Structures are given as C-alpha cells and as structure tokens.
Amino acid sequence: GEEFSTPYVNKIREAVEDEHFMVMYHNCGNVVPLMEQVKNVDAQSYSFGNAIDIEKALEVIPSDRIVIGNIDPEWRRIARRLFTTRNSYR
C-alpha cells in the first residue's frame, strides 16, 4: 500500500517519465481495496487485469487518465480461434 509500494513506484515514475515517455501502471490482482493508493501513483495510464470490476477503477482514477485492460484471457483465445478458423473463408 501507501507505505510499501506507492512511494517507490512514484520515484521510478518520476525518474523516467517525461514529455516523450509515459508510464503505464499495471496490476493483475484485486487492487480495489487499494485503489486510492493506486491512484496516488499518478501515472498517465493504468492497466488492470480481470480480477477487478473496471467500474471500481473508473470511479477513482481521474477521468483525464487512460484506463485499459480488464479482459478475461479466455476472450483472447476465443477471438484468436475465430480469426484463425475464419481466415480459410477469404
């Protein structure tokens, strides 16, 4: 949380982020209970795994930030199978 992670993530973000490089914070776990701390990372963009309800993130992360992810990996396999099998019908 705030004591163990956020200050260190912020140091890294501040050291590398500039007008040519944007940091994306990614977390696959259920960070809903820690969403305020995640917001305090102050990244320009956030990526979340499917372990959370994306609406919970959108309620906390500022609206001028990019929020992506939250897609179940099974959907990727399904989409790939559909594209692969349908390619033969071109």
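Small disclaimer: the values here were computed from a predicted structure and weren't measured.
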Salt bridge (charged side-chain N to carboxylate O under 4.0 Å, His left out) with E14: which residues, sequence neighbours excluded?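 Checked E14 against salt bridge (charged side-chain N to carboxylate O under 4.0 Å, His left out); zero matches.
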
The criterion is salt bridge (charged side-chain N to carboxylate O under 4.0 Å, His left out); which residues satisfy it with E19, sequence neighbours excluded? none

Quick one: side-chain hydrogen bond (donor to acceptor under 3.5 Å, both in side chains) partners of [X], sequence neighbours excluded?
{"X": "D42", "result": "R65"}
{"X": "Q44", "result": "none"}
{"X": "R77", "result": "E74"}
{"X": "S45", "result": "none"}

Quick one: CD on E59 to CD1 on I54, what's the gap to the nearest 0.5 Å?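 Going from the CD atom of E59 to the CD1 atom of I54 covers 11.0 Å.
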
Rounded to the nearest 0.5 Å, what's the gap from CG on N27 to CD1 on I52? Could you check? 8.5 Å

Looking at every heavy atom in both [X] and [Y], which two are closest together, and how far apart are they?
{"X": "I61", "Y": "V38", "result": "CD1-CG1, 4.4 Å"}
{"X": "V41", "Y": "R13", "result": "O-NE, 2.7 Å"}
{"X": "C28", "Y": "A51", "result": "O-CB, 3.4 Å"}

Quick one: do F48 and I68 end up in the same hydrophobic cluster if we chain Ile, Leu, Val, Met, Phe, Trp and Tyr together by side-chain heavy atoms under 4.5 Å apart?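 Shared cluster, no.
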
Determine whether Y25 and L58 fall in the same hydrophobic cluster, where Ile, Leu, Val, Met, Phe, Trp and Tyr are linked whenever their side-chain heavy atoms lie under 4.5 Å apart.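 Both belong to a single hydrophobic cluster.
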
In the hydrophobic clustering (ILVMFWY, side-chain contacts below 4.5 Å, transitive), which residues join I12, or is it alone? none

When Ile, Leu, Val, Met, Phe, Trp and Tyr are grouped by side-chain heavy atoms lying under 4.5 Å apart, directly or through other members, which residues fall in the same group as Y8? none

Sorted by chain and residue number, the side chain to side chain contact (heavy atoms under 4.5 Å, CB included) partners of I71 (sequence neighbours excluded) come out as W75

Report the residues that fulfil side chain to side chain contact (heavy atoms under 4.5 Å, CB included) with F21, sequence neighbours left out, ordered by chain and then residue number. V16, D18, V23

Please step through side-chain contact (heavy atoms from CB on, under 4.5 Å) for the pair M35 and Y46, ending with a clear verdict. CA-CA 11 Å; M35 199 55 70; Y46 295 83; over 6 Å; no

Not counting sequence neighbours, list each pair that qualifies as a side-chain hydrogen bond (donor to acceptor under 3.5 Å, both in side chains) and has a residue in residues 49-58. none

